[in-house]
Amino acid sequence: MAEHLIGIETAKTDLLNCAAYIAENIKSADGHAGAMKEIVPRYLEKGAVDLAAELANTVDDPFTRDRLLLRVAEKCAAIGDDEYAFQLIEAIEETSTRDEAREHIAAQKSANGDFAKAFEIAETLPHADFAFAEIAVRQVASGDEANALNTIEKIDFPNAKVAVFQNLALVHLEKGETAKAAELLDKAAASADEIEFTEEKIRALIDIGNHFLEAEQNGRAIEIFDKAKASAETLDNVHRDSFLGSVALGLLQAGSLELADRTLDLVADNVPTATALVGFAREFQKRGKLSEALETLEEAYSILKSQRDRDVRDSKARFGLWAAIAVEFARFEKPERAIEIAQEIADENSQTSALSQIAQICAAQNKDDAARQAVNAIADDSQKMFALIGISDVKNKSGNTDEAVNFLREAETLAETVERLALRSAAFNELARRFHDYGDQEKMRELGIENLDTIFNIRDESNRAVALAQMSDFYQSKNIELINPEREMILRIIGKSNG
């Protein structure tokens with residue numbers, strides 16, 4: 001093994017340095033690359049670009065190495081070290097990644113207001129359209145709209161033009177300039193007509209329609225959604241129904257329930273139909289029509305549940321939607337129905353996600369019994385533990401600090417039983433951060449030491465290095481100095497790596 005970039009004495013003093021030291025010892029190429037993907041960005045956040053670049057260069061996997069060098073180069077451009085940024089770009093092996101890095105640096109230069117340099121870089125790109133689009137947006141943000149429109153003239157690719165006009169419209173929407181935003185959205189719509197691929201055109205039109213809604217131009221939004229609908233009807237692939245469902249929701253939000261219902265009638269697949277109906281329910285609830293919202297949500301659930309297994313195109317999407325429906329019932333203050341539907345989800349991850357969200361919503365609504373019922377329905381102790389931490393956050397946000405701490409202590413008890421050590425370490429990080437914020441430094445230190453002991457027992461060196469890097473986030477963000485018991489644990493971890 002070559003000499004370490006992080007010496008052992010340096011590794012003893014800091015969690016991130018220790019993580020990097022261990023990562024340098026990893027013999028597996030995949031394991032080493034996986035650890036460096038976590039470690040290098042953290043050195044960039046600290047401004048240690050030279051060390052970050054050197055660590056990136058130790059990665060054998062060319063794809064990971066190139067992506068890390070791209071990030072280092074972008075950071076260099078952000079802090080004004082353009083010469084080093086371009087040196088790093090030249091070290092990138094894959095041509096398309098090298099071009100992407102130049103595009104990122106052009107964007108960084110425009111973000112810093114150095115438009116001359118941004119243009120200089122963009123002119124060297126084989127496909128500069130999105131770089132010009134980024135420059136134009138930054139020009140508008142700086143108040144130079146005239147030059148931004150000149151920059152847009154350099155863009156040939158319709159997709160890029162659509163994107164930039166929408167982004168410019170959003171700049172004006174943030175300023176409350178709806179009329180100006182609508183003008184730019186009209187330009188986006190005209191550019192969308194030039195998009196060659198039907199699916200991309202429909203996607204662009206739906207985005208534009210939604211932005212017209214933000215600009216309170218409902219009539220124009222309906223026109224755009226109608227164009228999207230007409231194009232979607234010509235499709236004969238799996239995207240057709242999803243697009244029509246999105247159009248139906250847009251039409252409802254624009255104020256036309258009749259057009260929305262007609263469009264939804266064209267959807268054949270149960271999942272896009274139910275997805276749109278969930279959106280309908282949210283819209284009805286927003287308008288104060290709670291009974292109609294609940295009725296629509298029940299319809300969405302019924303349609304989704306009635307779908308035969310052989311007709312399911314995407315099980316992951318179906319289970320995700322099932323979870324979303326359960327969560328919406330909780331938002332509509334129907335916790336029993338929410339938990340009932342969540343428990344019917346066959347996929348454990350989706351079920352757990354739904355129950356955890358339901359628990360937090362119920363806690364925010366002061367329905368503590370329902371929150372407890374949702375947590376108890378979670379089968380996996382590690383996920384139950386994170387759900388309790390979520391409830392603790394809700395209680396703290398509402399000013400119930402004592403209750404928040406009680407939930408944290410309950411989560412801590414569960415953490416000690418979690419078999420997957422990486423998950424246990426992640427939980428200790430979350431618990432320590434919160435106890436620190438609540439002013440219990442003794443408990444925070446206790447959890448930190450327990451976390452280091454957990455990390456010591458992680459067998460895989462890559463996972464061990466990643467866990468240390470993740471633990472370092474908390475210590476770095478709070479400027480926490482290591483104490484002797486923690487340093488002793490770090491020495492044990494280093495010794496295990498060297499053994």
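For clarity, every value in this text was computed on a predicted model and none was experimentally measured.
Residues Asn218 and Leu213 have side chains in contact (heavy-atom distance under 4.5 Å, counting atoms from C-beta outward). Using a 4.5 Å heavy-atom cutoff, the side chains of Lys201 and Glu194 are not in contact.
Under the salt bridge (Lys or Arg N to Asp or Glu O under 4.0 Å) criterion, Glu258 pairs with Arg262, sequence neighbours left out. Under the salt bridge (Lys or Arg N to Asp or Glu O under 4.0 Å) criterion, Arg337 pairs with Glu298, Glu340, sequence neighbours left out. Shown here are the ring pair (Phe, Tyr, Trp, His ring centres under 6.0 Å) partners of Phe474, two or more places apart in sequence or in another chain: His436.
Of all the heavy atoms in Leu355 and Ile378, the pair that sits closest is CB-CG1, 3.7 Å. In this structure, Asp381 and Thr417 approach most closely via the heavy-atom pair OD2-OG1, 3.9 Å. The shortest heavy-atom contact between Arg424 and Val418 is NH2-O, 2.5 Å.
If you check the side chains of Glu199 and Asn237, you find a donor sitting under 3.5 Å from an acceptor. Residues Thr296 and Glu292 have side chains that never bring a donor and an acceptor to within less than 3.5 angstrom of each other. Residues Ser398 and Asn400 have side chains that bring a donor and an acceptor to within less than 3.5 angstrom of each other. Side-chain N/O atoms of Glu145 and His172 include a donor and acceptor closer than 3.5 Å.
Below 30°, between 30° and 60°, or above 60°: for Phe435 and Tyr438 the angle between ring planes is above 60°, a perpendicular geometry.
Between Asp347 and Lys316, no side-chain nitrogen of the basic residue sits less than 4.0 Å from a carboxylate oxygen of the acidic one, so the salt-bridge criterion is not met.
A donor-acceptor pair under 3.5 Å is formed between the side chain of Asn167 and the backbone N or O of Ala163.
Counting heavy-atom neighbours within 6.0 Å of Lys187 NZ, excluding the residue itself, gives a total of 12 or less.
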Ignoring hydrogens and angles, write down the donor-acceptor pairs under 3.5 Å from the side chains of residues 149-161, residues two or more places apart or on other chains.
unit_1: Thr151; atom_1: OG1; unit_2: Gln139; atom_2: OE1; d: 2.7
unit_1: Thr151; atom_1: OG1; unit_2: Asn147; atom_2: O; d: 3.0
unit_1: Asn159; atom_1: ND2; unit_2: Glu200; atom_2: OE1; d: 2.8

N/O donor to acceptor pairs below 3.5 angstrom from side-chain atoms of residues 278-290, sequence neighbours left out:
unit_1: Arg282; atom_1: NE; unit_2: Glu328; atom_2: OE2; d: 3.0
unit_1: Arg282; atom_1: NH2; unit_2: Glu328; atom_2: OE2; d: 3.2
unit_1: Glu283; atom_1: OE2; unit_2: Arg287; atom_2: NE; d: 3.2
unit_1: Glu283; atom_1: OE2; unit_2: Arg287; atom_2: NH2; d: 3.4
unit_1: Arg287; atom_1: NH2; unit_2: Leu252; atom_2: O; d: 2.7

May I have the list of side-chain donor-acceptor pairs in residues 388-395 shorter than 3.5 Å, sequence neighbours left out?
unit_1: Ser392; atom_1: OG; unit_2: Ala404; atom_2: O; d: 2.7
unit_1: Asp393; atom_1: OD1; unit_2: Arg434; atom_2: NE; d: 2.7
unit_1: Asp393; atom_1: OD2; unit_2: Arg434; atom_2: NE; d: 3.4
unit_1: Asp393; atom_1: OD2; unit_2: Arg434; atom_2: NH2; d: 2.8
unit_1: Lys395; atom_1: NZ; unit_2: Asp368; atom_2: OD1; d: 2.7
unit_1: Lys395; atom_1: NZ; unit_2: Asp368; atom_2: OD2; d: 3.2

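We find the CD1-CZ distance between Ile361 and Phe329 to be 13.0 Å, quoted to the nearest 0.5 Å.
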